[in-house]
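Note that the structure is predicted; figures quoted are calculated from it, not measured. Proteins get letters first, then strands, A, B, ... in listed order; numbering begins at 1 in each. What you see below is based on every heavy atom in this structure, not just the backbone, and it leaves out hydrogens, waters and symmetry mates.
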2 protein chains.
Amino acid sequence: MKVLSNASIYGLRALIYVASQKNEKEYVSIREMSESMDISFHFLTKILQTLTKNGILYSSRGPHGGVALTRPPGQVFMVEIVKILEGEDYFDTCFLGHPDCGIAAPCPMHDFWINVKSVFLDRFEKTSLEELSAKIKEGKLRL
Amino acid sequence: MKVLSNASIYGLRALIYVASQKNEKEYVSIREMSESMDISFHFLTKILQTLTKNGILYSSRGPHGGVALTRPPGQVFMVEIVKILEGEDYFDTCFLGHPDCGIAAPCPMHDFWINVKSVFLDRFEKTSLEELSAKIKEGKLRL
DNA sequence: TTGGTTTAAGACAATTTAGTCCCAAAAGAA
DNA sequence: TTCTTTTGGGACTAAATTGTCTTAAACCAA
């Protein structure tokens with residue numbers, strides 16, 4: 001079971017990586033991240049570019065260049081990242097794929113799916129990069 | 001957000017279609033289903049073939065041929081269909097894609113994901129084709 | 001200013017998923 | 001038997017996702 005594309009997963013992991021850095025102001029090298037997390041450098045670069053375009057990251061070229069968060073990790077929430085990388089309509093889906101599933105004509109899984117989606121939305125809205133990176137810093141979790 | 005491939009969705013919908021038939025013993029034509037549900041006939045045929053190979057359906061060729069359930073709809077549960085069409089390891093995934101995410105080295109979403117997956121598993125284990133088709137028969141739901 | 005380093009941008013290739021097509025095989029009917 | 005209908009099986013195509021590569025642009029330091 002998978003709810004995020006690889007692009008979103010890599011993007012999230014990279015953001016957590018950046019968020020768990022000691023010095024919040026310093027740029028983190030994409031090359032360093034790609035090697036440390038064993039993600040294709042070029043692919044990761046492309047994903048981080050869209051996060052930069054969408055105002056989540058600053059970026060700088062040249063020596064000591066890389067990316068950095070535009071906001072403190074505690075103010076960046078999963079839901080925003082997911083919507084940028086998966087699309088604004090991420091939560092507007094039907095379990096069985098009907099384009100217009102709703103109260104008027106619900107599919108057999110409608111009630112269950114509405115519930116599940118609200119659990120995801122709630123969690124994504126409440127989870128910040130700070131929370132995600134906190135235990136990484138303590139070495140209790142892995143990226 | 002999507003948790004099932006199109007193949008699984010089409011397979012499930014077709015099974016619900018078969019299950020909501022008046023006469024349980026009669027074969028249901030794949031052509032009829034594909035047209036009624038607006039699914040590619042050849043694609044649906046392929047999907048139903050794997051369900052036939054896996055003992056979920058009987059099939060018969062020629063006039064009045066088609067597919068029929070091998071068991072009463074009340075004895076066929078979603079979890080079985082999903083595992084056939086998505087793979088046995090459907091519930092053995094990490095939210096962030098780590099192949100060996102576990103208690104020893106959990107990812108930052110591990111606890112949440114374990115919970116969500118158990119909700120899905122529980123629901124899939126308890127939901128039969130009979131339940132899914134019940135309200136279709138009454139015309140209260142759509143396929 | 002020159003050269004090395006690093007992200008930006010976009011073309012390109014590989015893989016996976018989705019869907020199409022053709023013909024064979026089985027079943028029923030004339 | 002022979003013809004028609006319908007599923008079986010596999011090759012093929014299309015689209016989306018994933019990943020690679022090349023070149024340009026920006027930045028830094030010597």
Item to complete: Indicate yes or no: does B/R71 engage B/E80 in a salt bridge with an N to O separation below 4.0 Å.
Response: yes
Worksheet item: Nearest to the side chain of B/R61 - C/dA9, C/dG28, C/dA24?
Response: C/dA24
Practice prompt. Hey, which sits more toward the 5' end of DNA chain C by its nearest nucleotide, A/H64 or A/K46?
Written response: A/H64
Discussion item. For a quick check of understanding: with a heavy-atom distance under 4.0 Å over all strands, which category does B/Y27 fall into, base, sugar-phosphate or nothing?
Written reply: nothing
Item to complete: Look at the side-chain N and O atoms of A/S59 and state whether any lies under 4.0 Å from the OP1 or OP2 oxygen of C/dT7.
Response: no
Discussion item. Side-chain heavy atoms nearer than 4.5 Å, only ILVMFWY residues, links allowed to pass through others: does that put B/Y58 and B/I56 together?
Written reply: no
Practice prompt. If the plane angle is over 60° it's perpendicular, under 30° parallel, otherwise tilted; pick one for A/F124 and B/F112.
Written response: tilted
Worksheet item: Checking B/T70 side chain against B/G55 main chain: does a donor-acceptor pair fall under 3.5 Å?
Response: yes
Item to complete: Tell me which nucleotide among C/dG19, D/dT7, D/dT18 gets nearest to the side chain of B/N6.
Response: C/dG19
Fill in: Members of residues 29-37 of chain B that approach DNA chain D, where some heavy atom sits under 4.0 Å away
B/S29, B/I30
Worksheet, complete the sentence: When rounded to whole Å, the CG to C1' distance for the pair A/L44 and D/dC21 reads 16 Å
Worksheet item: What does B/Y58 touch in the nucleic acid at a heavy-atom separation under 4.0 angstrom: a base, only the sugar-phosphate, or nothing?
Response: nothing
Discussion item. Give me the atom names and distance for the closest heavy-atom approach of B/I103 to B/P106.
Written reply: O-CD, 3.3 Å
Worksheet item: Counting side-chain heavy atoms from C-beta on, which of C/dG19, C/dA8, D/dT22 comes nearest to A/H42?
Response: D/dT22
Response to the item:
Of A/S5 and A/P63, the one whose closest nucleotide on DNA chain D sits nearer the 5' end is A/S5
Discussion item. Measuring to OP1 and OP2 of C/dA18, would you say a side-chain N or O of B/Y10 lies under 4.0 angstrom away?
Written reply: no
Worksheet item: Within the pair B/S60 and C/dA26, is there a side-chain N or O less than 4.0 Å away from OP1 or OP2?
Response: no
Practice prompt. Would you kindly give the CD-to-C1' distance between A/Q49 and C/dT7, to the nearest whole Å?
Written response: 7 Å
Worksheet item: What's the CZ-P distance between A/F43 and C/dT7, to the nearest Å?
Response: 17 Å
Discussion item. Do B/M37 and B/L129 land in one hydrophobic cluster if side-chain heavy atoms of ILVMFWY residues count as linked below 4.5 Å?
Written reply: yes
Worksheet item: Do you see a donor-acceptor pair shorter than 3.5 Å between the side chains of B/E86 and B/S5?
Response: yes
